[in-house]
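Let me begin by presenting the structure, written as structure tokens, before commenting on it.
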Amino acid sequence: MDHSAHMAMMGIGKPSACQSTGLECANAATPFLTPDGKLLLAWTAGGVVSVAQSFDLGKTFTSPIKIAEHGKSLDTGGDARPQIVSNSNGDVFLAYAFFKDSNWNAQINIARSEDGGNTFTDPKSLVQDSASQRFPALAIKPDGNIFIAWIDKRLVAASNKSEQKKLGGSIAYSNSFDGGRTFQAERIANEDSCECCRIGVSLNPINQPLIAYRAIFSGGVRDQASQVILSNGPDKIRRVANDGWKTDACPHHGPAIAVSSQGTIHVAWFTQGANRSGVFYANSQNEGASYSEPMRLGKVDASTSRPYLLAMGKNIWLVWKEFDGHNTAVLMKKSGDDGKTWSKEMILSQTADYSDHPLLISRGNQVFLSWLTRTDGYQLIKIGQIE
């Protein structure tokens with residue numbers, strides 16, 4: 001695949017052609033739907049992190065609130081995006097990262113709103129550790145408690161000082177029990193992970209966070225892992241599949257995870273391993289102790305990327321991007337029996353220009369595709385409903 005085709009497939013076609021800080025020039029946009037139907041949208045454009053609200057499912061937005069301006073230091077890498085959640089009281093919590101130096105060492109900043117997203121506190125650092133933190137991933141529990149995980153490099157920094165070079169990063173996490181005002185002391189879930197791939201987060205039926213990420217296994221193999229975060233600490237590291245992707249490079253391509261009401265863990269990911277290459281899906285019915293045989297998404301010769309999952313009851317939606325050399329399409333498969341069987345794939349939307357990752361969100365019994373493209377702007381497309 002030539003360079004331009006690879007760039008288009010990964011969704012980073014020509015984002016620099018647009019220079020404003022508005023949504024029309026955004027390179028990444030992250031949605032959150034509140035129970036009353038309000039859409040909160042956080043995006044990055046022109047080095048600025050912004051938030052706006054929509055009361056008509058994304059057709060129109062309020063004037064953007066500028067959260068922070070970092071210029072070229074803002075982290076807008078392939079898997080980097082602002083994260084936003086809201087509780088039942090209308091309090092909004094936001095996290096993003098920016099680079100502190102030219103060596104890609106970053107800081108995660110957080111900001112809060114207590115008036116539904118109309119105003120925000122000044123951003124502040126999530127942690128006090130001076131090492132790099134990137135790729136925050138959020139989950140908000142029904143009681144309003146916030147879980148956050150990220151890629152942390154404090155162990156790498158410590159090993160480098162002792163001249164024992166350590167590759168990659170670590171998976172760190174923390175919890176807030178006061179709406180994001182304060183966070184508990186951060187903990188390490190896995191000491192060895194890829195340093196530049198997003199973390200997938202979901203909640204199981206008893207509201208324990210489950211995370212999926214690209215771990216570094218023995219021999220420098222970077223394959224997917226899942227992990228339950230218990231109240232007293234992280235559970236065992238579970239390997240999703242033995243892809244055999246041995247690389248010291250940075251894929252910038254993390255996994256997606258969703259957990260059904262039955263507790264089935266659904267994971268989708270990208271790999272270029274010795275054992276399989278492409279985008280794949282698997283599930284586990286025993287908390288990750290074992291996973292089903294990986295199912296390929298898309299055609300064998302297709303350029304597939306950026307899978308995402310959503311679970312509602314036993315209904316599972318799975319989307320991904322596919323590039324045919326000219327256009328990038330978002331395709332979907334759906335399962336109504338907790339991943340046992342799947343519908344035929346169908347195209348939801350497509351574009352010939354730059355596009356963000358496809359994301360899935362729900363409100364009540366409705367499911368939506370959230371997708372940002374340079375040509376069509378931000379789209380919130382209803383793709384399913386539970387009767």
Side-chain angles (χ1 to χ4, degrees), residues 1-18 24-31 43-45 76-81 194 196-198 200 214 222 224 241 243 245 247 249-256 267-282 294-310 317-334 342-360 368-381 383:
M1 183 185 299
D2 65 44
H3 179 71
S4 61
H6 177 72
M7 294 284 279
M9 182 272 285
M10 299 297 279
I12 48 178
K14 292 175 286 185
S16 60
C18 202
E24 68 279 3
C25 289
N27 61 287
T30 307
W43 71 85
T44 51
T76 58
D79 256 3
R81 62 188 320 107
C194 183
C196 58
C197 292
R198 74 183 184 192
R214 191 180 301 281
R222 301 195 182 200
Q224 305 303 319
D243 297 331
W245 193 0
T247 177
C250 221
H252 291 278
H253 211 137
V267 180
W269 71 96
F270 171 84
T271 183
Q272 290 183 328
N275 300 328
R276 62 182 60 87
S277 182
V279 172
F280 293 86
Y281 158 87
M295 174 182 74
R296 178 185 292 276
L297 303 181
K299 304 176 184 66
V300 174
D301 58 348
S303 297
T304 52
S305 65
R306 307 303 179 194
Y308 204 81
L309 284 156
L310 185 142
W317 284 264
L318 172 57
V319 296
W320 67 95
K321 290 170 74 170
E322 200 161 297
F323 180 66
D324 64 5
H326 301 283
N327 295 310
T328 299
V330 175
L331 289 90
M332 178 189 78
K333 293 171 76 77
K334 180 181 179 295
W342 291 87
S343 66
K344 292 183 178 179
E345 62 187 46
M346 63 176 291
I347 295 176
L348 297 178
S349 188
Q350 55 187 327
T351 185
D353 209 328
Y354 171 81
S355 65
D356 189 14
H357 304 181
L359 304 175
L360 296 172
F368 299 88
L369 167 70
S370 172
W371 199 34
L372 172 77
T373 74
R374 187 65 78 241
T375 300
D376 298 312
Y378 180 74
Q379 306 165 72
L380 191 67
I381 304 169
I383 62 171

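Computed from a prediction, not measured in an experiment: that's the story for all the values here.
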Would you please classify the geometry between the H253 ring and the F270 ring as parallel, tilted or perpendicular, with 30° and 60° separating the classes? parallel

With S355, which of K321, Q350, R374, R306 fulfils side-chain hydrogen bond (donor to acceptor under 3.5 Å, both in side chains)? K321

On a heavy-atom basis, the closest approach of W245 and Q272 is CE3-N, 3.3 Å

Hey, are N27 and T44 close enough side-chain-wise for a donor-acceptor pair under 3.5 Å? yes

Interatomic distance, CG@L372 vs OH@Y354, rounded to 0.5 Å, equals 6.5 Å

Close aromatic pair by centroid cut-off 6.0 Å: Y378 and W43: no

With a 4.5 Å cut-off on side-chain heavy atoms, are K333 and W320 touching? yes

Over all atoms of both residues, closest heavy-atom pair of Q379 and I381: OE1-CD1, 3.7 Å

Are any of the side-chain heavy atoms of R198 and H357 separated by less than 4.5 Å? yes

Sorted by chain and residue number, the side chain to side chain donor-acceptor pair (under 3.5 Å) partners of W269 (sequence neighbours excluded) come out as D243

Measuring from Y281:OH to M295:CE, what's the distance to the nearest 0.5 Å? 6.5 Å

Is there a side-chain contact between C197 and H252, using heavy atoms and a 4.5 Å cut-off? no

With side-chain contact (heavy atoms from CB on, under 4.5 Å) as the criterion, how do K334 and E345 come out once you've worked through the C-alpha distance, each side chain's angles and the decisive distance to 0.1 Å? CA-CA 8 Å; K334 180 181 179 295; E345 62 187 46; over 6 Å; no

Does G254 offer a backbone N or O that forms a donor-acceptor pair with the side chain of D79 under 3.5 Å? yes

Nearest atoms (heavy-atom pairs only) where E322 meets T304: OE1-CG2, 3.4 Å

Just verifying a value: how many Å separate S349 OG and I383 CD1, rounded to the nearest 0.5 Å? 11.5 Å

Over all atoms of both residues, closest heavy-atom pair of L359 and P31: CD1-CD, 3.7 Å

Assess the side chains of R81 and T30: does a donor N or O sit below 3.5 Å from an acceptor N or O? yes

For the pair Y308 and W317, evaluate ring pair (Phe, Tyr, Trp, His ring centres under 6.0 Å) and give the outcome as yes or no after the intermediate values. CA-CA 8 Å; Y308 204 81; W317 284 264; over 10 Å; no

Quick check on side-chain contact (heavy atoms from CB on, under 4.5 Å): which of T328, L331, V330 does P358 satisfy it with? V330

Specify the closest pair of heavy atoms between P255 and V267, including all atoms of both residues, with the distance to one decimal. CB-CG1, 4.4 Å

Between R222 and T247 (side chain of the first, backbone of the second, donor and acceptor by atom type, cut-off under 3.5 Å), is there such a pair? yes

Using every non-hydrogen atom in the two residues, find where L360 and L309 come nearest and quote the distance to one decimal. CD1-C, 3.9 Å

Are the gamma sulfurs of C250 and C194 separated by less than 2.5 Å? no

For T373, is there any backbone N or O sitting under 3.5 Å from a side-chain donor or acceptor partner on T351? no

